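Below is one structure, written out as structure tokens; the observations come after it.
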Amino acid sequence: MTIRDAILSLPEEVLTAIVSLVSDSCLVNVSQVCRKLNRICSSPLEMRQRCIRLRWWEERHKIEEKKRLPRITDVDWRGLFLYRFRVGLATTHLLDQIIANPANHIINFNHIVDFGYDAKDCLKVHADVSDDEVDDPLARRYHATAAIRYIHRRRALAIWDRVRRVDDVPLEVALLALDLFITTTPEPDVDEYVADIDGLAAAFLAATPKFSSFVETEEKAVTLIKWMWSQGFSGFNGAQMVRYRALKNVFIGLTIRTIRTAIPLTLVAIFCAIARRVGITAHPCAYPGHVLAIVEDPTTGRYQYYDVFRGPDKDPRADRANLLEGLTPDQLKVLAPASVSAMVIRAAQNLISTLQLQPMELLEVNRGYPNICEHSALYAALTAMVVLSVARPSMQVVEHMTRQIPADFPMDVRFLEEELLPRVDVSGRQFLENVCGALRADTLPPVSRRDNPENRSVLHRVGTVFKHRRYDFIGAIFGWTNECRSIEGEGEEWISERVNVENTPRGRNQPFYHVLVDDGTVRYIAEENIQPIRPKNVDALIMLAGKYFKRFDPTEGRFVSNVKVEFPDD
């Protein structure tokens, strides 16, 4: 008896149990062995279980509704499984292409993002790969994470587009789209944050068993606000006010999961979200210089105003008569419920206001708070304003976007083409078309060979870890030039201001190196400041290293290059 015959002779329930343990790719291969195994592998129950194991699905699949259907045969689970299996294969192939070849990056990233959330499970596997699983763990983790973040940004755009067109998006979801720009992991996502708010509503009802018996709307609102204060959702006072402008305070998902003190807009959004879940009709009120909560009395239709920002030991009720003081007749409309788009734009303006602080002041207000990439926060704010503002984007916004996207988010050229380009005036259209054209060209970088006589003086190689001779920071080389040169789009001013070449003893006529630094920045420094080292720990460099390197080789004490197209001899 052959091994195959022995396996096939096993009881069907044993084969079913074995099949349930194999990987998806193995399952597809096993299903092609014979009709019996194909039937077992393709059973509706097995297919349903494999689909349910997958965490993320595009909304069009309505997967949650399908899970609740009473009969398994009401859904083509096999078709869904095979579709997701093919998406996984295609996503892996595209990611391999991105890692292996710098050409067509934008096209390949956009093919992945077209799969949307159906690609996230596969990308998470690549983002979590361990160092001993593949030859290129740093590059694989970096680019898989970049693809996930791109998918998140596209979902944020879809949310804001719906706000703009249909205006039926809950306030908290529209604001959570901002969080999608700054998260660096597959989760938490909007759905996870929404589940957090569901949990807060359930916790409130559990802590207030008599809530359903309350008759007065005011009693319900005050009880909920005071419960929120007891859970840490309150404003700042006294010496704490210095933290008012911290970036974290604008992001409601991050606020829920970390430090819960926040600005009025964020607190009101969380209040309105919980209120809706416990049967209170609440809206934001965009009062000048402040944001209040409006609670609608179902019996009279009158509005009651509450200040969620005040914090414990204070009365949250705001008197309408006092609010009217100082308002002109034209300003009375601010006492009506504010639109969702207006609140998102206001949140974006808060972000921009904080990001305009001086570097040391910005560092101080964010000290001790969750680390947020300033580039991502600015991109979130500018994108929200472009999508949701009625007015045409200003040239200043256009210039900001065209600086940020090529530098940090080149695959987002679709945003420039689909959202920004149709809305700019004639004067900015040609400029923007040129930027998009340059990004779409996606040309290969020039090749720098060691056997070129001009380059023989270049001492250090890509992947070398070094210590700066003057400033002691640690870095890794990912590129070089045989003399000091301005980067594309910059001139001599960049060399004098950013590189400070005149203060180097050997001047500009020496090799210069593009380096990744342990503080997360990228710099361009002179060869005379490079002191190669064999580091014991490179953790501070790992997060961004995947953009340039495949892996770290501890035996050599250097990173393995993934920019061979540009520097083939390193």
Side-chain angles (χ1 to χ4, degrees), residues 167 169-176 178 193-194 196-198 200-201 203-205 207-208 211 214 216-237 244 249-253 255-256 260-325 327 331-347 349-350:
D167 196 26
V169 178
L171 174 62
E172 69 273 15
V173 172
L175 287 170
L176 282 168
L178 291 168
Y193 284 134
V194 167
D196 288 346
I197 296 173
D198 292 340
L200 289 170
F204 167 69
L205 292 175
T208 319
F211 182 78
F214 293 172
E216 298 296 327
T217 301
E218 183 178 289
E219 184 180 14
K220 292 180 179 180
V222 170
T223 301
L224 174 55
I225 291 171
K226 289 188 174 182
W227 178 84
M228 285 180 59
W229 288 347
S230 73
Q231 302 301 305
F233 294 105
S234 63
F236 303 92
N237 55 66
Y244 185 94
N249 297 331
V250 180
F251 298 96
I252 71 171
T255 293
I256 289 171
R260 290 181 165 181
T261 46
I263 58 176
L265 191 158
T266 302
L267 296 173
V268 167
I270 296 170
F271 167 79
C272 290
I274 299 174
R276 189 175 69 253
R277 287 162 171 78
V278 300
I280 301 173
T281 303
H283 314 277
C285 170
Y287 193 77
H290 201 41
V291 177
L292 301 170
I294 297 174
V295 173
E296 189 174 342
D297 191 319
T299 58
T300 65
R302 293 179 178 175
Y303 291 156
Q304 302 164 348
Y305 297 85
Y306 297 90
D307 190 346
V308 189
F309 183 76
R310 285 179 180 169
D313 305 323
K314 294 189 176 69
D315 186 347
R317 288 168 291 197
D319 183 67
R320 190 174 189 276
N322 291 335
L323 296 176
L324 287 169
E325 291 182 9
L327 293 181
Q331 291 177 319
L332 292 180
K333 60 185 178 182
V334 301
L335 294 182
S339 67
V340 171
S341 58
M343 287 294 93
V344 177
I345 291 172
R346 190 157 173 168
Q349 291 169 338
N350 286 337

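Everything quoted here is computed from the prediction, not taken from an experiment.
Nearest heavy-atom pair across L335 and Y303 is O-CD1, 4.2 Å. The shortest heavy-atom contact between P337 and I294 is N-CD1, 3.6 Å. In plain terms, the two heavy atoms of Q331 and L327 that are nearest each other are OE1-CA, 3.4 Å. Scanning all heavy atoms of the two residues, the minimum distance from T255 to A262 falls at CG2-CB, 3.9 Å. Nearest approach of V169 to V340, heavy atoms of both residues: O-CG2, 3.6 Å. Taking both residues in full, the closest heavy atoms of A221 and I280 are given as N-CD1, 4.1 Å, listed atom of the first, atom of the second, then distance.
Between F309 and K314, the closest side-chain pair of non-hydrogen atoms is not below 4.5 Å. You'll find the side chain of H283 reaches within 4.5 Å of the side chain of T281, heavy atoms only. Two residues are said to be in side-chain contact when any heavy atoms from C-beta on lie closer than 4.5 Å; L265 and L175 meet this criterion. Counting heavy atoms from C-beta outward, I263 and Y244 have side chains that approach closer than 4.5 Å. Between P170 and R276 the shortest side-chain heavy-atom distance falls below 4.5 Å. Residues I270 and F233 have side chains in contact (heavy-atom distance under 4.5 Å, counting atoms from C-beta outward). Side-chain contact between Q304 and R317: absent, with no pair of heavy atoms (C-beta onward) separated by less than 4.5 Å. Y193 is not listed as a side-chain neighbour of I252, based on a closest heavy-atom distance of 4.5 Å or more.
With respect to R302 and E296, no salt bridge is recorded, no charged nitrogen being found less than 4.0 Å from a carboxylate O. A salt bridge is absent between R320 and E325; no separation between the charged side-chain nitrogens and carboxylate oxygens falls under 4.0 Å.
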When you look at M343 and R346, which way does the side-chain contact (heavy atoms from CB on, under 4.5 Å) test go after all the steps?
CA-CA 5 Å; M343 287 294 93; R346 190 157 173 168; 4.1 Å; yes

L332/L324 under side-chain contact (heavy atoms from CB on, under 4.5 Å): CA gap, chis, key distance, verdict:
CA-CA 7 Å; L332 292 180; L324 287 169; 3.5 Å; yes

Under the criterion side-chain contact (heavy atoms from CB on, under 4.5 Å), I'd like the reasoning laid out for E172 against F271: C-alpha separation, chi angles, the key distance, then a yes or no.
CA-CA 10 Å; E172 69 273 15; F271 167 79; over 6 Å; no

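I256 pairs in a side-chain contact (heavy atoms from CB on, under 4.5 Å) with only one of the listed residues (L200, L176, T266), which is L200.
Residues passing the side-chain hydrogen bond (donor to acceptor under 3.5 Å, both in side chains) test with S234, sequence neighbours excluded: none. Evaluation of the side-chain hydrogen bond (donor to acceptor under 3.5 Å, both in side chains) rule for Q349 yields no partner, not counting sequence neighbours. For F214, the ring-ring contact (aromatic ring centres under 6.0 Å, His included) partners at least two apart in sequence or on another chain are F211. Under the rule for a ring-ring contact (aromatic ring centres under 6.0 Å, His included), the partners of W227 that lie at least two apart in sequence or sit in another chain are F204. Listed by chain and residue number, nothing satisfies the side-chain hydrogen bond (donor to acceptor under 3.5 Å, both in side chains) test with N237 (two or more places apart in sequence, or in another chain).
Although no hydrogens or angles enter the test, the distance criterion places no donor-acceptor pair under 3.5 Å between the side chain of W229 and the main chain of D313.
The environment of K226 atom NZ is sparse: at most 12 non-hydrogen atoms of other residues, nucleotides or ligands sit within 6.0 angstrom. Other residues, nucleotides and ligands place more than 12 heavy atoms under 6.0 Å from the CG atom of N322.
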Scan the side chains in residues 285-293 for donor-acceptor partners under 3.5 Å anywhere in the protein, sequence neighbours excluded, and list what turns up.
{"from": "Y287", "atom 1": "OH", "to": "L323", "atom 2": "O", "distance (Å)": "2.7"}
{"from": "H290", "atom 1": "NE2", "to": "D307", "atom 2": "OD1", "distance (Å)": "3.1"}
{"from": "H290", "atom 1": "NE2", "to": "D307", "atom 2": "OD2", "distance (Å)": "3.1"}

